[in-house]
Amino acid sequence: MSDSPPFKAPIGTHDVLGVDSARWEGLVATFAGFAHRYGFHLAITPLFEDVGVFKRGIGEQSEVARKEMYVFEDRGNRTFALRPEGTAPIVRAFIQHNPTTPFKAWYFTPAFRYERPQAGRYRQHHQLGVEVLGTDDPMIDVEVVSLAQRFFEDLGLRRFRLLINSMGHAQCRAAYVALLREYLSQHADELCDEHATTWSENPLRVLDCKNERCVAVTDKAPMLIDHLCDDCRAHFDVVRAGLVALGIDASVEPRLVRGFDYYSRTTFEFVSDALEGAQNAIGGGGRYDGLVEQLGGKPTSGIGFGSGVERLLLTLDAEGVTGAFGAQRELDIFLVDTVGGEAGSVLLDRLRHEGYSVDRAYDQRSMKSQMKLADKSGARLALLLGAQELAAQEVTMKDLRSGDFGTTQERVAQVDLFAILAQRLKVT
RNA sequence: GUGGGCGUAGCUCAGUUGGUUAGAGCGCCAGGUUGUGGUCCUGGAGGUCGCGGGUUCGACCCCCGUCGCUCACCCCA
């Protein structure tokens with residue numbers, strides 16, 4: 001033992017163990033199921049990338065790129081960053097490997113941002129998401145948004161809303177930003193303390209400000225949604241109509257400006273009404289038609305969606321949804337072995353080979369103690385292997401869920417065990 | 001980066017105006033005779049009172065610092 005203080009998980013990170021990890025497993029498995037049904041395949045890319053992937057990807061000026069990245073140098077003096085989000089790495093991989101399009105990938109990944117943690121916000125959090133590269137068909141926008149919508153519905157969430165907006169493409173947005181800049185320049189002194197000085201750097205950010213003074217100004221400001229070019233307008237209308245056709249309710253939110261610079265045209269966000277406080281976005285995404293080029297690839301359109309696992313779990317709790325995620329994985333059998341040695345180990349090996357989930361006690365505990373553990377394990381059956389059973393080539397089988405704590409049990413020959421188990425454990 | 005609240009056993013928390021060996025519930029372990037789970041009963045293990053300094057005859061308690069947790073701003077998932 002050393003006399004230095006014990007190690008702890010770094011600030012803003014956390015361990016997921018026991019019943020918590022069972023919920024994570026369920027959540028990720030559910031999302032994977034959705035992704036597969038929508039034709040996505042899993043993409044696994046490095047947790048760290050050349051820092052330029054993110055700086056050029058999400059924008060040098062973005063909050064995240066400027067001060068929230070975990071940047072480090074390796075021994076070869078290369079500068080890397082831990083991924084702060086999931087899209088840029090997949091786009092980098094897309095450019096590098098040039099796969100056939102449309103390229104549809106899903107991911108489950110940690111994401112790192114150096115910020116002060118609070119409810120629903122961590123330095124390492126985890127995201128589930130999808131990306132589609134190589135098509136600007138508005139129907140893919142509908143597909144991505146609906147995947148998210150259906151996923152949230154399937155989890156049992158009810159108190160959430162879908163907000164949607166269009167950022168236009170590069171040209172019509174530039175024209176609009178000029179218009180907005182002109183408007184803001186006339187009202188700069190009415191903005192909140194922060195934006196009174198910074199509005200010029202990123203005028204769009206002011207639209208997203210919750211300060212009442214900024215809101216008062218932007219209430220009358222020109223909105224991008226009203227200044228889209230014909231193509232962008234048409235794209236947006238088709239997306240909205242497509243959602244309506246699926247019975248998905250999306251409210252247009254002209255102020256919706258997402259944090260990364262790469263967005264164009266469709267942007268959307270799912271906000272929970274069950275979460276208190278400001279961290280109420282449980283998922284979001286949008287189209288990023290210029291990103292591939294930005295990272296050095298051929299002009300290729302793309303769209304993606306990401307959702308924070310920690311926030312989803314918070315939301316599930318807030319809505320009181322326990323569902324399938326509360327339960328521990330079921331154990332079929334608990335082996336109570338009082339003889340020790342190899343006999344129990346061999347039996348376990350055979351049971352597991354047959355596909356049963358089986359656990360046991362260790363350290364030569366008493367039978368009573370092992371029975372207690374069997375009970376707590378939640379297993380359906382206990383198999384008892386003692387000196388008597390061993391000598392007779394038998395095993396005692398006991399139903400742990402009969403509700404009767406007496407001695408209802410039977411001795412079966414080991415040669416008949418699997419046939420009996422197949423019958424016994426099949427009936428739920 | 002800024003501000004508020006909080007750090008006592010694995011967990012949730014008590015701890016009287018500063019006063020002997022710091023407590024409870026839950027959890028854990030072991031027993032309640034011959035090889036058997038729940039409930040019940042008995043016993044046990046487990047704490048540098050976050051850490052460092054100061055005040056005091058004496059500090060879990062008061063003061064300062066520090067670290068951590070937490071909530072909010074900002075930004076986002």
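Note on naming: letters A, B, ... go to the chains in the order of the sequence lines (proteins, then strands), and numbering restarts at 1 for each one.
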Taking distance alone, no hydrogens or angles, what donor-acceptor pairs closer than 3.5 Å link side-chain atoms of residues 103-113 of chain A to residues at least two apart or in another chain?
unit_1 : atom_1 : unit_2 : atom_2 : d
A:K104 : NZ     : A:Y38  : O      : 2.8
A:K104 : NZ     : A:E143 : OE2    : 2.6
A:T109 : OG1    : A:R83  : NH1    : 2.7
A:R113 : NE     : A:P84  : O      : 2.8
A:R113 : NH2    : A:P84  : O      : 2.9

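- Comparing the C1' positions of B:rU48 and B:rG7 gives a spacing of 15 Å, expressed to the nearest Å.
- Residue side chain A:K372 does not reach the base of B:rU36 through any donor-acceptor N/O pair under 3.5 Å, judged by distance alone.
- A:F305 and A:F268 have parallel rings, their planes meeting at less than 30° on a 0 to 90° scale where 60° marks the start of perpendicular.
- The minimum heavy-atom distance linking A:A387 with A:V339 is given by the pair N-CG1, 3.3 Å.
- With C1' as the reference atom, B:rU16 and B:rG37 are 44 Å apart, rounded to whole Å.
- B:rG4 and B:rC51 are spaced 24 Å apart, taking the P atom of each and rounding to whole Å.
- Taking atom C1' on both B:rG50 and B:rC61, the two are 16 Å apart, rounded to the nearest angstrom.
- Between the side chain of A:E389 and the base of B:rG35, a donor-acceptor pair under 3.5 Å is found.
- Residues forming a ring pair (Phe, Tyr, Trp, His ring centres under 6.0 Å) with A:F48 (at least two apart in sequence, or on another chain): A:F72, A:F80.
- Sequence neighbours left out, the pairs with a member in residues 383-394 of chain A that pass salt bridge (charged side-chain N to carboxylate O under 4.0 Å, His left out) are A:E394-A:R411.
- For the pair A:R255 and A:L207, the tightest heavy-atom approach, listed with the atom from each and the gap, is NH1-O, 3.3 Å.
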RNA chain B base-pair string [pairs: Watson-Crick or G-U under 3.5 Å; |: paired with another strand]: (((((((..((((.....[...)))).(((((.......))))).....(((((..]....))))))))))))....
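- Side chain of A:R161 to main chain of A:V271: no donor-acceptor pair is present (N/O by atom type, distance under 3.5 Å, no hydrogens or angles).
- Side-chain atoms of A:R116 and base atoms of B:rC75 include no donor and acceptor less than 3.5 Å apart.
- Comparing the C1' positions of B:rC41 and B:rA59 gives an interatomic distance of 40 Å, to the nearest angstrom.
- One cannot find a donor-acceptor pair under 3.5 Å joining the base of B:rG37 and the side-chain atoms of A:Q370.
- Cation-pi contact between A:R123 and A:Y114: present, with separation from the ring centre below 6.0 Å and deviation from the ring axis of at most 45°.
- Rounded to the nearest Å, the gap between the C1' atom of B:rA45 and that of B:rC26 is 16 Å.
- A centroid separation of 6.0 Å or more is found between the aromatic rings of A:F40 and A:H36.
- Counting distance only, with no hydrogens placed and no angle test, the side-chain atoms of A:R401 and the base atoms of B:rG38 include no donor-acceptor pair under 3.5 Å.
- Distance noted for atom C1' between B:rA14 and B:rC71: 25 Å (whole Å).
- Only A:A119, A:G120, A:R121, A:Y122, A:H125, A:Q127, listed by number, bring a heavy atom of residues 119-132 of chain A to less than 4.0 angstrom from any atom of RNA chain B.
- At a cut-off of 3.5 angstrom, counting only N and O atoms as typed in the model, there is no donor on one side facing an acceptor on the other between the side-chain of A:E68 and the base of B:rC74.
- A:Y263 and A:Y288 have their aromatic ring centers separated by at least 6.0 angstrom.
- Here the CG atom belonging to A:L335 is positioned 6.5 Å from the CG atom belonging to A:L383, to the nearest 0.5 angstrom.
- Residues from residues 157-169 of chain A lying near RNA chain B, meaning a heavy-atom separation below 4.0 Å, are absent.
- Residue A:Q118 places at least one side-chain N or O closer than 4.0 Å to OP1 or OP2 of B:rC73.
- In terms of position on RNA chain B, the residue among A:G12 and A:E269 whose nearest nucleotide sits closer to the 5' end is A:G12.
- Remark: the separation of the P atoms in B:rC76 and B:rG10 is 40 Å, to the nearest Å.
- Comparing A:E85 and A:K8 by the nucleotide of RNA chain B that holds the closest heavy atom to each, the one mapping nearer the 5' end is A:K8.
- Geometrically, A:R37 engages A:F34 in a cation-pi contact defined by less than 6.0 Å to the ring centre and at most 45° from the axis.
- In the set B:rG32, B:rG31, B:rC76, the nucleotide with an atom closest to the side chain of A:S366 is B:rG31.
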